[in-house]
Each structure stands twice: as structure tokens, then as C-alpha cells.
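Below is one structure, written out as C-alpha cells, with a few remarks after it.
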Amino acid sequence: MPELLLKGGRVLDPASRHDAVTDVRIVDGAIAEIASHLTADAPDAEVVDCAALWVTPGFVDLHTHLREPGFEDAEDIASGTAAAAAGGYTAVCAMANTDPVTDTAAVAHSVRRIGNEIGRADVFPVGSITRGLAGETLTEFGDLLRVAGVDFFSDDGKPVADPLVMRRALQYATAFDVVICNHAEDPSLTEDAQMNEGAMSSLLGLAGWPHEAEEIMIARDLILAAGVGARLHVPHVSTYGAVDLIRRAKAQGVTVTAEVTPHHLTLDDSLLGSYDANLKVNPPLRTSRDVAALRGALVDGTIDAVATDHAPHPPEQKDQEWHHAPCGMLGLETAFAVVLTELIEPGVIDALTAVARFTTGPARVRDVGEHGAGVAVGAAANLAVIDPEARWTVEGRRLHSRARNTPFEGRKLVGRPVHTLLRGRFTLRDGEVVA
Amino acid sequence: MDHLLSIEDLDADAIELILETAESLREIAERPIKKVPTLRGRTVCNLFLEDSTRTRISFEVASKRLSADVINFTAKGSSVSKGESFKDTALTLQAMGVDAVVVRSAAAGAPLQLTRWVDAHVINAGDGWHQHPTQALLDLFTMRRAHGRLEGLKVAVVGDVLHSRVARSEVQALRMVGADVTVVAPPTLMPPDPSAWDVPFTSTLDPVLADLDVLYVLRVQRERMHRQFFPSVREYRRHWGIDAERLARLPDHAIVMHPGPMNRGVEIAADVADEHEAIITDQVTNGIAVRMAVLYLLLGRDGAKETTDA
Ligand SMILES: [Zn+2]
């Protein structure tokens, strides 16, 4: 592998709090030198001009639905990791609600293996908490960890509703020090729910998802996790009440981490008058008050990570009545640009902290190997190079996902990854995904 | 106006125009030959994805009295009949070149979504819990005939407001024309954030009755009764049902209305229902006139279409 020299980029490294224009030398897939005015050592070295660009650790997504196995018409590991590379990600955590469900080491192993073969991003399979996502019988956490390295478990899409099952899962997880992530929704309060419950749902005539449904589940899980001393991760936090619960639990020393999606940070239920099913998501878009609380929590670290909840659905699924359309939206390719446009540019969050929420933050939640470690000598060259000035308009059909259900269709964004490097190899080069 | 999807598409002037137009069309029903050639050559499709024979027939009669051709497309149950999606159905109608689609769906927002796929005028004949604008308009028409005015009229809308598209449309329309509306419902059947409706809400019916001009009784959706929205029919009837005793507390000039079909013995006592049958039958007659007015106002003035059809 030839030497690679990233020249003149603004290196944003949250691990060392380093933010300055510096050159980065990459040799054999690892960072060999970080200093100013570097010149190429090897005769075949490639010099990449990074002037006016940001160089950051490769992003880590804790919450990706790659849909393979079972739902490849929506997405597969190849298209999903292509979208990841285009979004600046070098690692994605593949949710377990596939068919078959990732509830055995064999399924997890095959997901990881296909990810490795395709090589556009490292794929970390998430194991389900319960077999078949049925909420009844625990999966073999120990075996999944031993055979396939799975250290993160979630029935995402479905909550573990039974408190006893959840308690046992948390308790049992402590034996292997794995993380339990429960989709926070009390299903008895959300039967047939279609959107956030509130003023807007009462005008649109859609059954509501009350914020209490999320908060009751988080409160329960926090109590259970504290009781047994387990590690709990709260996915896609969407309400101000949930933020308060997590903030208080952290202050009390509960081992809890949390994530928020770019769409919950930037969109609210006032947009739903269009009945555009691309805006239908679980948990639902909440109110502007919730959005403000989520932003505050992202800035102050109550929320550790931005996670996409990238959920592709084929167009025919979204092109139907709101009521019948499935929940979910794309996220990988727009995540950082949305945060840059809506949060960094207006000064809601500084660039270094924002980058941390895409890199070191998620890496603190679960083990993603060499990802999210930082830009440091000796570390694997998993990097994103971003043009913070690039102006582009989101067009679903031009994204790399198989699906095109983006809520940001037609939206003008600022900032876009130009290169993504996985162990020093381009997965995105000059804005093109490398096959 | 291209479509009638929601009362929010209208304003007081637009409502006035529809009601005035309906007034002049109502007399057609009293002629021996109940038909005018206004929409000859136009095709109206009744796309009923949820059962409602009454509303469908009302639109059908309205279209036919204006000499339009009518296609009935009914599919019971969900969006999909025989595996055909809502969008495919829309594209088929588009290909058939229909001029207007009257759509009824159990899914809120379906009429709005339809406008993205068809060029035809779309009329919402009820979508989920969302809107039923022609019902509200025919109710206003009926109230105005009974009282000679709408502005300042004191109206109470009583019952299962949460699940009612009629209530949503009715309250908006009444506010637009300057009526004085109060909503009465058990707390469990109120919308989650009633402030969004911008009218007073209460759970106690009796204090409201004394100076009403219109008592508008909503249908209780029987299928929801076991969901703990209220403990029992008996309890509901006692606190929110309209019986002879409550009727006696209304001013003499007050009318009782119901969008039908009535659950006799639930939201309205059988004898009260019978006594007020007349005005409810009137609502049906007026429904045809109002729907004729809507069709006429949307379709009757498409000049360009006329020449291509000739
Ligand atoms: Zn989820």
C-alpha cells in the first residue's frame, strides 16, 4: 500500500482535543506521523490536498439497519456500507431485526464476514436481546460474544416489554460486560400510534405516540440497570423528559449512554401536515421543545452519540397512505451534513464536540475496535475528510442506499465528505464511493 | 380552489359561496326532473376505500343531478384491494382521465396524498380521524336554514371528539363563520392537546345546555367501548347521552343534530332520536345540495376541459 500524505487539512481530533491545520502521513494503513510541512517519503507516495478540508476520525454509527439478511430489496450490506462510506463512516453497527434475526453467532458471523469482504466499512453486528425479537427468551449473549465478538444487544424496532425479561437480560449481561440497548417504547401506550401525540396529532387526526411511552420505558430500564449494575444504552432519544431522566441517572452514577438521531435534532412534528410518509419514524418526530432539549443534551454530553437509525424502505412501501407506510428514514449519507448545516454552522455546537459525537462518543458506548479512537500516531487510518463548504441538494435517488426514503429530500445542505479512508484505503474518493 | 381536502382550505367567504350555491341548487331537488346539464361530459369517480353507503350515494346523486358520469370504485378494508396499492389505484384513475375523485379512506391524509398522483380535483369524503369537510358544510347549511344565520350561533359538539373527523371539520367550519362553539367530551375522548382547537372544552354537559342554538351529537364508535375510554355504555349515557330530560333543558328554538348513523340508546335516547328525525333527514337532503355545490364550484368552471370534450 503506497504512502498517503494528507496535506494541509484542519485536523479535528476529539480524542486529543486537537484542532489545527496539520499534515497526516499514512503508511501501511496506519497513521505514521502528524506534523506540519511534511513531505512525501516514499517515491510512489500519494499526496492528497486537504486545504480548506476537515480531517476527522472516521464516523461510527451505532444504529444502522442494513436489512441483510432478509430484506435486501430495501438495502444490503454492500449498498448500506456504500452509503456509510459516502457519509464519512468507517464503522456501522447492524441492527438485529433482520430475517433471520441476528440471534445466533452464525448470523452475526455471516454479517460481519460479508462486511469484511465488501470492505466499504467495518460492520459490527448487534445481537438481539431475545430470540426472534419475541421478547421472551434471552439469546446466548456469551456465545455471540465468544464466536462473533458481539458485545451489544438490542431488539430494536421492538421494546423488551416484560420487565422481568429485561431485568434478566441486564443481569445476565453483566457476566460478559456487554451492553443492553432497549427500544424505549411502552407498547401498551402506543398501539396503532402514527405520530407524536399532541397539538399536531389532534389536528391531523392521527393516533398519537405519547412522550410518556418513551419516558416510562427509559425510567423503568434505568431503575433496572442501576439495580443490577448493568450497562444500558438508550437509543434514539426523542423527548425532553427522556433527556432529563438520562441526565439525572448519569449524575447518580448509573452506567448509561444515549444516542440521538440527526432527524430528531432538526425536524419536528409541525412538518407532518404534508402527510409525507418519509417523515414517519419511530420514535416519531416530536415538538420544537423536544428538539431544543436534545440539542442541549448533545452539547453537554448527556447524549453521547449521534446515531442515524438509518432505516431504508423501498419506495412502494413509503408511497402509500401514511397510516400504512412503515416507520424509518435514511440517515447515513446526510447525517454529518445535517448536523453541520443545522447545528455547527449556526453555532449550536462547536465542530470538535460535534465530531466527538460521531466518533469517540459512539466508541465509548460499545467496542468498535480500532474505530473512533482518534487521529494519533500508530492508530489505524480510519478517517473522514470533509469539505465544510460544499453545497449540495439532497436527492434520494442519487444516494447510495437502495431506498430513497430521506426526510431531507430537496433540502440544501452545507458540508459533505470528500474522502473516507478505511485503514488507509479509500472507500470514498473525491466524492465517489470506491467499488 | 383545486380541491376540497379540509375545512382549512376554505375561509368564511368560500364557505358562504358554497352555502349560497347549495341554496340555489337545492331547489332542483324539488323539480319533477331533478337534473341539470352543468357537468355533462365530466367524470366523477367515487373512490371509497372505507365503507360508507350513505356518503357514497349522496355524492353519486349529487353528481348525477349535475349530469356527470359516475364511476364507483369501492374497496373494503385497507389501502390495498387485490394487492393493488393506493398509488396504483390513483395512477389508474389518472390514466382514465377522471375529472374529480371523491375519496373516502380510513387513512388520514390519503386525499392529500392522492393530489400528488392525479390531476383531477380531489374531494375528501372522510379520511380517518382527520376531516370530513362536506359533512361540516351540510351541517352549516342545515343550521343556517333552521336559524337564519350562523354568526353568533351557540353550538355544542358533544361526544367522541378524539376519533371524530366530523368534529374536527365541524369545529373549524363553525369558528370560521363566527359561531360560538363549545366542545363537550369525556376527558379520555378529547384530543390530546385541545388548545390546538382554540375553542372551550368541558367534560360536563349539563351547564352547557341552557342557551344553545344547536346541540350537535357525535356518534360513539361502538368498537372503541371496551378500550377503557369510558367504563360502560350506561355510564356514558348517564353523563353525555341526550335523553328527554336533557332535551327539556334546551331552549325551545334549539335543534339537535347528528351526523348519523345514530346509536340509539347510547349517545342519543331512542325517543329523542325519533323526535328529531326530521332535522336529521333534512341533513341528508341538504347533503346532496351541498355536494352538488362543491362539485359545481370545482368542476363547473373548468372552461378548457369543455372544449376538449366537445
Ligand atoms: Zn428503535
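Here the CD atom belonging to A/Gln317 is positioned 10.5 Å from the OG atom belonging to B/Ser85, to the nearest 0.5 angstrom. To the nearest 0.5 angstrom, B/Gln131 atom CD is 9.0 Å from A/Leu203 atom CG. Considering CG of B/Asp88 and CD of A/Glu316, their distance stands at 9.5 Å, rounded to 0.5 Å.
For B/Gln113 (side chain) and A/Tyr275 (main-chain N/O), a donor-acceptor pair under 3.5 Å exists by modelled atom type. No donor-acceptor pair closer than 3.5 Å links the side chain of A/Glu321 to the backbone N or O of B/Phe86.
The two residues B/Trp117 and A/Asp319 have their closest heavy-atom pair at CH2-O, 3.8 Å. The minimum heavy-atom distance between B/Asp193 and A/Ser202, with the atom names listed, is O-OG, 3.9 Å. Smallest separation of non-hydrogen atoms from B/Ala108 and A/Leu204: CB-O, 3.6 Å.
Inspection of non-hydrogen atoms places B/Arg168, B/Gln172 of residues 168-177 of chain B under 4.5 Å from chain A. Of residues 206-214 of chain A, those residues lying under 4.5 Å from chain B by any heavy-atom pair are A/Leu206, A/Ala207.
Within a 6.0 Å sphere centred on CZ of B/Arg56, other residues, nucleotides and ligands contribute more than 12 heavy atoms.
In this structure the side chain of A/Ser274 reaches within 4.5 angstrom of the side chain of B/Arg116, judged on heavy atoms.
Each of B/Pro191, B/Gly109, B/Ser105, B/Ala196 has some count of heavy-atom pairs under 4.5 Å with chain A, and the biggest count is that of B/Gly109.
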